[in-house]
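Data first, discussion second: the structure below is written as structure tokens.
The model shown is predicted, which means the values in this text are computed figures rather than measured ones. This chain uses plain numbering: 1 for the first residue, then up along the sequence. Just so it is clear, the values below take in all heavy atoms, side chains as well, and ignore hydrogens, waters and symmetry mates. We count ligands from 1, going down the list as the structure has it; atoms in each ligand are counted the same way.
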Amino acid sequence: MKGFGNYSKEIMRHFTDPKFVGEIKNPDGVGEIGNMKCGDVLRISLKVKNDKISNIKFKTFGCVAAIASSDVLCELAKGKTIEEAKKISNAEIIKELKGMPSIKEHCSVLGAGALKKAIKNYEEKGNSNS
Ligand code: FES
């Protein structure tokens, strides 16, 4: 089955029914990133337990592609160790979404960028296993 317009069915599923929207109270790490092309902003907050991402949420003023890619990023990151989560690539996110129109790829890189910042924030706090 085809997706909506140039968007895959997977993108539309994550856009219309995202599971990871929100903000975590008392997060262990927070990362925020802006999109230079459109000015949209994405924020990731996460909780870490025993070196694993136990909870993760995102908030964005971004578009369909930004919402879908952030949601799939959170899905991929949850349960991973910090080191594993650092390795999540944009290519992996796009693969999970069964492709992304090239004109929207600048939107899909936001999630991975915000996650890296959130992890850095976690590490800078000197957290080990919380
Ligand atoms: Fe701004 Fe997609 S147009 S994040």
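Using a cut-off of 2.8 Å, one finds that His106 contributes no N/O/S atom close to atom 2 (Fe) of ligand 1. The distance from atom 1 (Fe) of ligand 1 to the nearest N/O/S atom of Cys38 is under 2.8 Å.
Side-chain atoms of Asp71 and Lys19, non-hydrogen and from C-beta on, do get closer than 4.5 Å to each other. Looking at heavy atoms from C-beta onward, Val48 lies in side-chain contact with Ile82 at the 4.5 angstrom threshold. Inter-residue side-chain proximity for Asn90 and Ser108 is flagged as met; some heavy-atom pair is nearer than 4.5 Å. Annotation: side chain of Asn6 is not in contact with side chain of Ile103 (no heavy-atom distance under 4.5 Å). Looking at Lys116 and Lys120, their side chains never come closer than 4.5 Å, going by heavy atoms from C-beta outward.
Contact atoms of ligand 1 toward Lys104: 2 (Fe), 3 (S) (distance under 4.0 Å to a heavy atom of the residue). Of all the atoms in ligand 1, the ones that sit under 4.0 Å from a non-hydrogen atom of Asn35 are 4 (S). Listed by number with element, the atoms of ligand 1 under 4.0 angstrom from any heavy atom of Ala66 are 4 (S).
Salt-bridge annotation for Lys86 and Glu123: present, with a side-chain N of the basic residue lying under 4.0 Å from a carboxylate O of the acidic one.
Atom 2 (Fe) of ligand 1 forms the vertex of an angle spanning SG of Cys107 and SG of Cys63; to the nearest 10 degrees it equals 100°.
Contacts between Lys37 and ligand 1, counted as non-hydrogen atom pairs separated by less than 4.0 Å, are absent for every part of the residue.
Among all protein heavy atoms, the one lying closest to atom 4 (S) of ligand 1 is Asp40 OD2, 3.4 Å.
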